[in-house]
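Since the structure comes first, as structure tokens, the remarks are kept for the end.
Just so you know, these numbers come straight off a predicted model, no measurement behind them. In what follows, chains are A, B, ... by sequence order, proteins preceding strands, each numbered from 1. In what follows, every heavy atom counts, from backbone to side chain, and hydrogens, waters and symmetry copies are set aside.
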Amino acid sequence: MTFKSILDEIENNLKKVLNDMSIDDVSFSVEPAKPGFGDVSSNVSFLLAKQLKKSPQDIAKSISERFSHCTNTLVLKSEAHASGYLNFFADWKKLSQLILSESYLDTFGDIDLGKGTTIVVEHTSVNPNKALHIGHIRNIIIGDTVSRILKKANYNVNVLNYIDDSGLQVADIVVGFKHFGYDQEPPNGKKFDHYCGDDVYVKTTEKYEKDAGLESIRKNVLKDLEDGNSETAMFADKITRRVLAGQLETCWNLDVFYDCLNFESHIIRSGLWDKIFANLKDMGLLEFENDGKNAGCWVIRGDGKEEDKVIVRSNGTATYIAKDIPYAAWKLGMLEDPFCYERYPEVQSSDRDLWQTTLDSACTASKNFTGDKVVTVIDSRQARLQKIITYLMGRFKSVPDAYVHLGYESVTLSSETAKTLGLDTDGKQAQMSGRKGLYVSADSVYDMLREKTKEETVKRHPEMDVAETEKIAHHVSVGTLRYEMIKQDLDKMITFDLTKSLSLEGDTAPYIQYSYARASRILEKSGKVPSIDVDFSLLCENSELDLIKNIGLFNLQVRDAANNLSPKVIARYCHELAVSFNSFYEKSKVLNLDDACLENSRLCLVNSFKITLKKALDLLGVKTPDRM
RNA sequence: GGGCCUAUAGCUCAGCAUGGAUAGAGUGUUGGACUUCUAAUCCAAUGGUCAAGGGAUCGAAGCCCUUUGGGCCCA
């Protein structure tokens, strides 16, 4: 058990006390205390003030008095603070032993929210016509981190990437290659996805703008794409798969992995839409409009003042939301699976198989990538559309929150960075645009970070061999990028600035990784494996107790993060852990102490910290080099 | 015109869900700490009418209403 043990003990005893005082059950809080106010605090007396017509302080006093007669194993004493808070002081000798010995277990930090149920997390979902830019990276890292957290919370997680390989953006690069004569091989070794995005896509779009007559070519290509057997569609398939390979390379480099790639073209050709269309009509969720501006269309009624949403136009064609509905229903496992599955030709990592949908019925692999719940990570510009899907899925599947849209605000470019890309924004931030070529690619940011961290590492360790330097630089760069993408709240916009994003000090991944490296070095130099059989009363400095407390809060943080689908909770926790370790590091010497018992106790704490931080950083997909 | 998000220190952000104690970090600026387990570190100083106004409450950064600035979506 962890710090949760003492919280539970206090809560139970408080309930007994309230029962003795014949007070109705109130839902009071029992939380880790703010520094300087003991170890645990409760607001119970504030909540009772009205009912008992007494001051919070008087109530706290009488509860505290009764509390002292309860059987307390982890609490030394309780105290009624003048403010009215009830504060508790832990018996650290016992609590430290509980927390530290627990931290050595593989299951440390686990919390059973999912009960082994299956949940789908879909993220990335970028058109396969360009390289990933820094805005896509926010989506990808949020999705990957959330899926790691949910796994820790005992969900069985299926990670999907939806490949939109049949839309307008794909048509555009096909036009570029087929009609504007772009070579299929990128110049001087440029990555294919970058070539398609930077050159073919952007320049093809420019040509449309100059010559409106080209629009008909574009429409014809789009039409050809719909027929899967057309020569155009086969060509598009070849191109988009090459781009996809480039995108996946970027993701894998950032330690982001998937379970299955779902191709939009397969969804369209599978006939899923016809099935769901019939269902929607049966359930009365779709209505046929007889008059008004949507006459002849099938619509979903808007909520309140909202406009009705057209699903099928009067000419019988489905709008693009129509693709999302059957797909969402499929993800929730509510439709018979029309797909077959085959392995993706490239291996993404040693322990994670990657599959892809196929309509080739010769592939008989039996797979199920659906879930009881679905989390779809898409930026909040899609909120309106996602709200409709959420509503419909709620009607289909009677599980509350079965379909969750995890939205986040987008990444914009700072005016300085926009300027380096040739756009003067007059001091304002700028929205990225793949079409206009206004973006910063993920690969280029990674490359810059790696150059800088390599330089730093060489400066610190001139003696180190190149392979190790490269490895450290890689892990620190990936960590930095990942941490930057999730350390703030999802509903806060990120204004990306090339210069500022390269900072490696302060609230960054390297700061946290550095604390890990320090702990590693202490243990390495000690040359011993610390024994857990130590006298925990020796760990009595404030900095030591703080660190132990933070270690003990791990599973509670995982619970919060999973419940709220909030990756930043874990980011902040890792930072807190590192801060308390660095503070301990300054104040308490570990090695070469005269007192062997004390030395072992501290080594034990260092080891416990190291293990916990590694587990927590693993949830963020941040690696932990032993030296840096 | 309708909807969503946002406003806290010079700058970037925690805290808000579930109202209570002294509003916290980083960064910046200024000063200090490496013959001591790695200074990508630590310590100190500096810096806040929590956008404005109103309301309910014993009590509001947090809840409700209005207004304003910024971003986005739909029309």
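Using the six-membered ring where Trp is involved, A/Tyr446 and A/His474 have ring planes that are perpendicular, over 60° apart on the 30 and 60° scheme.
At the heavy-atom level, A/Ser41 lies under 4.0 Å from base atoms of the strands shown. A/Arg381 comes within contact range of the sugar-phosphate backbone alone, with a heavy-atom separation under 4.0 Å but no base atom that close. If you check every strand for non-hydrogen atoms under 4.0 Å, A/Thr457 touches a base. As judged by a 4.0 angstrom heavy-atom cut-off over every strand, A/Gln431 is placed among residues touching the sugar-phosphate backbone only. Within 4.0 Å (heavy atoms only), A/Tyr511 reaches sugar-phosphate atoms of the nucleic acid but no base atom. Residue-level contact check: A/Asn43 touches neither bases nor backbone, having no heavy atom under 4.0 Å from any strand. If you check every strand for non-hydrogen atoms under 4.0 Å, A/Lys525 touches sugar and phosphate atoms only. Residue-level contact check: A/Asn564 touches the bases, meaning some heavy atom is under 4.0 Å from a base atom. Counting any heavy atom pair closer than 4.0 Å across all strands shown, A/Ser588 reaches a base atom.
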Step-by-step side chain to side chain contact (heavy atoms under 4.5 Å, CB included) determination, A/His123 to A/Ile142
CA-CA 8 Å; A/His123 63 81; A/Ile142 289 169; over 6 Å; no
Would you sort out whether A/Glu79 and A/Phe88 count as a side chain to side chain contact (heavy atoms under 4.5 Å, CB included), showing the intermediate values?
CA-CA 6 Å; A/Glu79 192 178 86; A/Phe88 303 89; over 6 Å; no
Reading nucleotides 6-11 of chain B from 5' to 3' and marking B where a protein heavy atom lies under 4.0 Å of the base, S where only the sugar-phosphate is that close, and - otherwise, the string is SS----
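Going from the C1' atom of B/rU49 to that of B/rA23 covers 14 Å, rounded to whole Å. Comparing B/rA61 with B/rC16, their P atoms sit 14 Å apart, to the nearest whole Å.
Nearest nucleotide to the side chain of A/Arg384, out of B/rG71, B/rU41, B/rG3: B/rG3. When each of B/rC37, B/rA21, B/rC42 is scored by its nearest atom to the side-chain atoms of A/Ser83, the top-ranked nucleotide is B/rA21. The listed nucleotides are B/rA39, B/rG71, B/rA21; the one nearest the side chain of A/Met493 is B/rG71. In this structure, of B/rU38, B/rG2, B/rG71, it is B/rU38 that holds the atom nearest to the side chain of A/Ala517. Among the nucleotides B/rU41, B/rA14, B/rC5, the one closest to the side chain of A/Gln488 is B/rA14.
By the side-chain hydrogen bond (donor to acceptor under 3.5 Å, both in side chains) test, A/Ser601 is found to be paired with no residue, residues two or more places apart in sequence or in another chain being considered. With sequence neighbours left out, A/Val312 forms a side chain to side chain contact (heavy atoms under 4.5 Å, CB included) with A/Trp273, A/Phe277, A/Trp298.
Side-chain atoms of A/Asn43 and A/Ser29 form a donor-acceptor pair, as typed in the model, at a separation below 3.5 Å.
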Would you list the protein and nucleotides 22-26 of chain B atom pairs, both N or O, that sit under 3.5 Å from each other?
| from | atom 1 | to | atom 2 | distance (Å) |
| --- | --- | --- | --- | --- |
| B/rG26 | O2' | A/Asp507 | N | 3.3 |

Dot-bracket encoding per residue of RNA chain B, Watson-Crick/G-U cut-off under 3.5 Å, | denoting interstrand:
(((((((..((((......[...))))((((((.......))))))....(((((..]....)))))))))))).
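Computed from coordinates, the A/Gln386 CD to B/rC74 P distance equals 14 Å when rounded to whole Å. Rounded to an integer number of Å, the gap from A/Tyr483 OH to B/rU12 C1' is 13 Å. To the nearest angstrom, P of B/rC5 lies 12 Å from NE2 of A/His405.
Annotated as syn: B/rC34, whose glycosidic dihedral is within 90° of 0.
For residues 508-518 of chain A, the side-chain hydrogen bond (donor to acceptor under 3.5 Å, both in side chains) pairs, not counting sequence neighbours, are A/Tyr511-A/Asn582, A/Arg518-A/Asn582.
Counting heavy atoms from C-beta outward, A/Ser566 and A/Asp560 have side chains that stay 4.5 Å or more apart. You'll find the side chain of A/Ser380 stays beyond 4.5 Å of the side chain of A/Asp491, heavy atoms only. With contacts defined as side-chain heavy-atom distances shorter than 4.5 Å, the pair A/Val622/A/Ile512 does not qualify. The shortest side-chain heavy-atom distance between A/Glu544 and A/Leu605 falls under the 4.5 Å cut-off. Side-chain contact between A/Lys428 and A/Ser415 is absent, with no heavy atoms from C-beta onward closer than 4.5 Å.
Mapping A/Asn592 and A/Glu456 onto RNA chain B by nearest heavy atom places A/Asn592 closer to the 5' end of the strand.
Taking the charged nitrogens against the carboxylate oxygens, A/Arg627 and A/Glu463 do have a contact shorter than 4.0 Å, which makes a salt bridge.
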